K.L.:
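Handing you this structure, nothing more for now.
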Number of protein chains: 2
Amino acid sequence: MERTQFVAAANVSERLAQPPALAISTVIFALRPSAESGRPTLWLPLVRRIREPFKDLWALPGGPLTQADSLQDAAARNLQDTTGLAPNYLEQLYAFGGLHRSPSQRVVSIVYWALVQSTQAELAQESENVKWFRADRLGELAFDHNEIVDYALWRLRNKMEYGTIAYHLLGEKFTLAQVREVYEAVLDRTVDPANFRRQLKQTAYIEPTDQFLQGGKHRPPRLYRYTGIDSVTSGTGPAQHPPSRL
Amino acid sequence: MERTQFVAAANVSERLAQPPALAISTVIFALRPSAESGRPTLWLPLVRRIREPFKDLWALPGGPLTQADSLQDAAARNLQDTTGLAPNYLEQLYAFGGLHRSPSQRVVSIVYWALVQSTQAELAQESENVKWFRADRLGELAFDHNEIVDYALWRLRNKMEYGTIAYHLLGEKFTLAQVREVYEAVLDRTVDPANFRRQLKQTAYIEPTDQFLQGGKHRPPRLYRYTGIDSVTSGTGPAQHPPSRL
DNA sequence: TCAGTTGTAGTCAAAATGACTCTAACTGAG
DNA sequence: CTCAGTTAGAGTCATTTTGACTACAACTGA
């Protein structure tokens, strides 16, 4: 950058010369069975930073905003590139723009959050530089990514109570017990099976199929199907979630 | 929306040459008595565009992101500069980044929404280029600002049901009837006074003062005070609102 | 055939909600 | 001074929703 002779104007022209960089990142959640209990818990994939700043620390997948994509498309594309994942649900989380998020240059990050099905999560290849972590056992992450994940978790728990979100962590067909497990994993508390079933059948957007899940050592549970909208609408606007209380 | 869609004027290579511009805009809500009914209704200030594109159309107050400010500070500062308003509540709404929001250059707008007290709104000087409009009677706005206002309204109505937001549209002391009027104005339906009172006293963050509002031709109502947090925390992170149902 | 396990329906008391009534406390008209 | 008119604010009651629990159904594996 070349300096002007005028000191007073120097700051201004420097600022104008170097606008804040725009980045897109995504917090991706998936449900995987925990090693210990076997019950499903929340996991998320992180990528290792291969350069400064924060070299060798883990960070959210992301990158600069590609010019040809809308914000949401850029998030989806970047997800595909870095982790190979195609999310089932993708929504904007927040724009983080604090002054000192990155030591060198000012970076404004528009962060998305996504849900992928467990089956997808299985497929996602781990590598030297991409690894899955339990959402409640992250170490220190690069930048302000710990805060970002915390906020994404808060948002996920909040949306969960609106009832239309849990299905995006499951496959096409699922039992009510599986939905309940999602709730228990995300909200981190037990839910009464009978009462949960009652509420789901009232409000939520599911319909019974005529299939049953065989193989357990018990009465085979009925499989259900999600009938709501699949929220990876690649539209430019925000996703308005109805306050259909669960 | 019936907005006219823009044909991209610039070609792709021109776009790639320059990074997307970052802008900050704000949707500001205030309560003002409507001309006809006298009951309070939602109003918001708009500024007239004095240059192309969309010259002479009304638009949300906003401007480029100043380098020295966090996103929230930039929003507050810009509000002060363009309308003279200091909001009582300020929260990030959404980052809009569609490809063709602005005909010439690609612009990513980080939009905030704000609530100001009615008294503040009175002070805000109208001028040739700043004017207040009823939120339900906006004409065609510049850019995609109609969509943005719609989304802000949706968010306001949603947050209203969490119970901690209505007070930011009122003064320091208020009667329960005034709070009820806010609800009725924002949610656009009547609310039973007795039941509303009962709910407020259970959950919401208010305490009675020992003062009463004199002057009406009826029993003087008690004045109350908001005891929650004033949410113009100039922090960098998102405002997490507890789901304390109202 | 039986014990073990989980799905699914149903019961019941407690809590929350919505519609409503009743009284208190002020103002202004006569 | 008295009374009609108005809104504040407490209370009542039937209905709905919620949470805890019970009972039965339907499968597997021994």
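Proteins get letters first, then strands, A, B, ... in listed order; numbering begins at 1 in each. Since the structure is predicted, the reported quantities are computational estimates derived from the model, not experimental observations. What you see below is based on every heavy atom in this structure, not just the backbone, and it leaves out hydrogens, waters and symmetry mates.
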K.L.:
Which residues pass the side-chain contact (heavy atoms from CB on, under 4.5 Å) test with B:R48, not counting sequence neighbours?
P.N.:
B:D56, B:W58, B:E128, B:N129

K.L.:
To the nearest angstrom, how far is A:R222 atom CZ from D:dA25 atom C1'?
P.N.:
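Rounding to the nearest Å, CZ of A:R222 and C1' of D:dA25 are 13 Å apart.
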
K.L.:
Rounded to the Å, how far apart are A:R180 CZ and D:dG19 P?
P.N.:
15 Å

K.L.:
What residues form a side-chain hydrogen bond (donor to acceptor under 3.5 Å, both in side chains) with B:R197, not counting sequence neighbours?
P.N.:
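With sequence neighbours excluded, B:R197 shows a side-chain hydrogen bond (donor to acceptor under 3.5 Å, both in side chains) to no residue whatsoever.
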
K.L.:
For B:T209 and B:R222, does a side-chain donor sit closer than 3.5 Å to a side-chain acceptor?
P.N.:
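No, no side-chain donor-acceptor pair sits under 3.5 Å.
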
K.L.:
OP1 or OP2 of D:dT18 sitting under 4.0 Å from any side-chain N/O of A:Q199?
P.N.:
yes

K.L.:
Just compare C:dG7, C:dA25, D:dA8 and give me whichever is closest to any side-chain atom of B:P220.
P.N.:
C:dA25

K.L.:
To the nearest Å, give me how far apart CZ (B:F212) and P (D:dA8) are.
P.N.:
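So the two atoms are 13 Å apart, to the nearest Å.
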
K.L.:
Counting the benzene-type ring for Trp, do A:Y151 and A:W113 have ring centres under 6.0 Å apart?
P.N.:
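A:Y151 vs A:W113: aromatic centres not under 6.0 Å.
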
K.L.:
Could you pull out all residues at least two apart from B:R39 that satisfy salt bridge (charged side-chain N to carboxylate O under 4.0 Å, His left out)?
P.N.:
B:E181

K.L.:
Which residues pass the side-chain hydrogen bond (donor to acceptor under 3.5 Å, both in side chains) test with A:R198, sequence neighbours left out?
P.N.:
A:N195

K.L.:
If each of A:P193 and B:Q202 is mapped to the nucleotide of DNA chain C with the nearest heavy atom, which maps nearer the 5' terminus, i.e. the 5' end?
P.N.:
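Here A:P193 is the residue nearer the 5' end.
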
K.L.:
Give every pair of a protein N or O atom and an N or O atom of nucleotides 2-5 of chain C that lie under 3.5 Å apart, one pair per line with the distance.
P.N.:
unit_1: C:dG4; atom_1: N2; unit_2: A:K217; atom_2: O; d: 3.0

K.L.:
For B:Q214 and C:dT27, what is the distance between atoms CD and P respectively, to the nearest whole Å?
P.N.:
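Between P of C:dT27 and CD of B:Q214: 7 Å.
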
K.L.:
Rounded to whole angstrom units, what separation is found between the CZ atom of A:F196 and the P atom of D:dT17?
P.N.:
18 Å

K.L.:
Grab the CD-C1' distance between A:Q178 and C:dG7 for me, whole Å please.
P.N.:
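Those two atoms, CD and C1', are 13 Å apart.
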
K.L.:
My understanding is that only residues two or more places apart in sequence, or in another chain, count here; which of them pass side-chain contact (heavy atoms from CB on, under 4.5 Å) with B:A114?
P.N.:
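Result, side-chain contact (heavy atoms from CB on, under 4.5 Å) vs B:A114: B:T26, B:I28, B:P87, B:L90.
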
K.L.:
In whole angstrom, what separates A:Y183's OH from D:dG19's P?
P.N.:
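That distance rounds to 13 Å.
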
K.L.:
Who pairs with A:A142 by side-chain contact (heavy atoms from CB on, under 4.5 Å), at least two apart in sequence or on another chain?
P.N.:
A:R49, A:F54, A:L57, A:A59

K.L.:
Would you tabulate the nitrogen or oxygen pairs shorter than 3.5 Å linking the protein to nucleotides 10-13 of chain D?
P.N.:
unit_1: D:dA10; atom_1: OP1; unit_2: B:K201; atom_2: NZ; d: 3.3
unit_1: D:dA10; atom_1: OP2; unit_2: B:K201; atom_2: NZ; d: 3.4

K.L.:
Which residues pass the ring pair (Phe, Tyr, Trp, His ring centres under 6.0 Å) test with A:W43, sequence neighbours left out?
P.N.:
none

K.L.:
Just the rounded figure in Å: distance from P of C:dG7 to CZ of A:F174.
P.N.:
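Distance, rounded to whole Å: 15 Å.
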
